[in-house]
There are 2 protein chains.
Amino acid sequence: MLDSETKAVELPEDHAEELRLWLRLLTCTTLIEGEVRGRLREKFDVTLPRFDLMAQLDKAPDGMTLSDVSKRMMVSNGNVTGLVERLVESGHLDRRTSETDRRVQVIRLTKLGRAEFRKMAAEHETWIADVFADLTPKDVRELMRLLAKTKASAQKSAGRRKA
Amino acid sequence: MLDSETKAVELPEDHAEELRLWLRLLTCTTLIEGEVRGRLREKFDVTLPRFDLMAQLDKAPDGMTLSDVSKRMMVSNGNVTGLVERLVESGHLDRRTSETDRRVQVIRLTKLGRAEFRKMAAEHETWIADVFADLTPKDVRELMRLLAKTKASAQKSAGRRKA
DNA sequence: GCCAATTGCTTGAAGCCTAAAGAAATTCGG
DNA sequence: CCGAATTTCTTTAGGCTTCAAGCAATTGGC
């Protein structure tokens with residue numbers, strides 16, 4: 001009893017440190033996401049998912065299929081269907097069936113959609129810069145590196161599950 | 001015209017680095033969150049928000065008010081109302097009106113709720129450990145530090161907006 | 001004591017999101 | 001060429017989430 005702290009004792013593994021890390025990561029993301037969401041809403045009356053979808057399309061002048069979007073945004077297919085529906089409705093997106101495969105829907109930004117997105121994106125970039133304002137360039141680099149490592153580790157873990 | 005690249009030119013500030021950092025942060029969180037969500041669903045048939053709410057209550061044996069929960073979870077009041085409703089319905093939560101302030105609802109885990117949560121939490125911790133498995137202890141410490149700095153910076157930024 | 005402001009929660013409308021099932025088109029082995 | 005498997009997208013049911021409006025209880029100034 002007096003010797004309960006010997007190093008030989010196998011504790012049932014303590015992962016409290018990783019748990020705290022995960023919670024902190026989640027907190028940061030939630031915080032920033034809420035901030036961006038609120039500003040997009042206030043200044044442009046647009047939702048974050050709509051903005052994200054337009055951001056994907058802005059990088060693809062030749063358009064994307066719904067599946068592509070779904071993979072890139074890491075959301076379900078059904079989700080994209082509805083999102084696209086609303087953005088076509090509001091005139092920001094153009095949607096057409098592929099010539100070579102009639103299952104495929106190709107979507108693009110309309111002229112209006114692109115113009116509005118560019119305006120929003122410019123402001124958005126300054127908001128993000130402001131969010132990270134207190135980090136030094138070195139901090140930013142180091143964080144990028146560690147998050148890359150985290151992403152790789154998480155993907156490996158996810159792979160282990162599905163396999 | 002031949003001199004368009006002089007360093008005197010004030011570029012409209014390039015924050016591409018911070019933007020990439022934000023996207024990477026978001027990707028990591030989305031990835032891990034999706035993983036946790038899927039596993040909770042598969043193994044325990046429970047949603048992530050329910051799990052998160054129970055996690056808050058597990059740390060508060062004397063119960064919490066809905067407002068407390070709302071602040072801690074960083075979600076809206078209305079959101080908590082519905083979440084609590086469903087968890088009371090399923091027998092995981094106990095809800096009663098405060099003796100001293102009839103506006104206030106105090107919620108606690110029931111015996112069932114606590115037992116189920118503890119089981120889930122134990123597994124959950126191993127999933128998280130697995131997600132971060134490729135990070136060294138030093139990586140974890142460094143990431144914690146940088147995320148703390150990020151959180152502080154983001155909060156300051158959010159404060160600037162609302163002020 | 002009274003009324004205004006505040007606080008705690010609920011409600012309603014709209015949109016986001018997932019998982020699962022299903023419809024339509026394509027691909028591929030034989 | 002044919003049928004099975006696959007791929008792409010939509011639909012459905014259920015749940016999550018926000019914002020804004022509203023109700024009830026409390027608090028604080030006067």
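Chain naming here is simple, since letters A, B, ... match the order of the sequence lines and numbering starts at 1 in each.
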Sorted by chain and residue number, the side chain to side chain donor-acceptor pair (under 3.5 Å) partners of Arg39(B) (sequence neighbours excluded) come out as Glu35(B)

Out of curiosity, does [Y] fall in the hydrophobic cluster containing [X] (side-chain heavy atoms, cut-off under 4.5 Å, transitive links)?
X	Y	result
Leu66(B)	Leu57(B)	yes
Val104(A)	Met64(A)	no
Val84(B)	Val106(B)	no

Below 4.0 angstrom from OP1 or OP2 of [N], is there any side-chain N or O of [X]?
X	N	answer
Arg95(B)	dT10(C)	yes
Thr47(B)	dC16(D)	yes
Arg41(A)	dC16(C)	no

Can you pull out the residues from residues 54-76 of chain B that lie within a 4.0 Å heavy-atom distance of DNA chain D? Met74(B), Val75(B), Ser76(B)

Positions of residues 77-92 of chain B (non-hydrogen atom under 4.0 Å from DNA chain D), listed by number: Gly78(B), Asn79(B), Leu83(B), Arg86(B)

State whether the number of non-hydrogen atoms from other residues, nucleotides or ligands found under 6.0 Å of Lys149(B) atom NZ is greater than 12. yes

Should the heavy atoms of other residues, nucleotides or ligands under 6.0 Å from CD of Glu89(B) be counted, would the total exceed 12? no

Protein-nucleotide distance ([X], atom [atom1]; [N], atom [atom2]), rounded to Å:
X	N	atom1	atom2	result
Leu40(B)	dC16(D)	CG	C1'	15 Å
Arg37(A)	dC16(C)	CZ	C1'	9 Å
Asp45(B)	dG14(D)	CG	P	14 Å
Glu35(B)	dT18(C)	CD	C1'	15 Å
Leu48(B)	dA19(C)	CG	P	12 Å
Glu33(A)	dC16(C)	CD	C1'	12 Å

Interatomic distance, Leu135(B) atom CG to Glu17(A) atom CD [nearest 0.5 angstrom]: 12.0 Å

Between OG of Ser157(B) and CD1 of Ile32(A), what distance do you get to the nearest 0.5 Å? 8.5 Å

Can a side-chain donor-acceptor contact be found between [Y] and [X] if the only test is distance below 3.5 angstrom?
X	Y	answer
Thr110(A)	Asp94(A)	no
Ser98(A)	Thr100(A)	yes
Asn79(B)	Ser76(B)	no

Quick note, ring-ring contact (aromatic ring centres under 6.0 Å, His included) partners involving residues 45-67 of chain A, not counting sequence neighbours, are Phe51(A)-Phe117(A), Phe51(A)-His124(A)

Within residues 96-105 of chain A, which residues have any heavy atom lying less than 4.0 Å from an atom of DNA chain C? Thr100(A), Asp101(A), Arg102(A), Arg103(A)

Pairing of Glu116(B) and Lys119(B) as salt bridge, 4.0 angstrom limit: no

Test item: Glu18(A) side-chain N/O and Phe132(B) main-chain N/O as donor-acceptor pair under 3.5 Å: no

Atom pairs, protein N/O to nucleotides 1-4 of chain C N/O, distance under 3.5 Å:
none

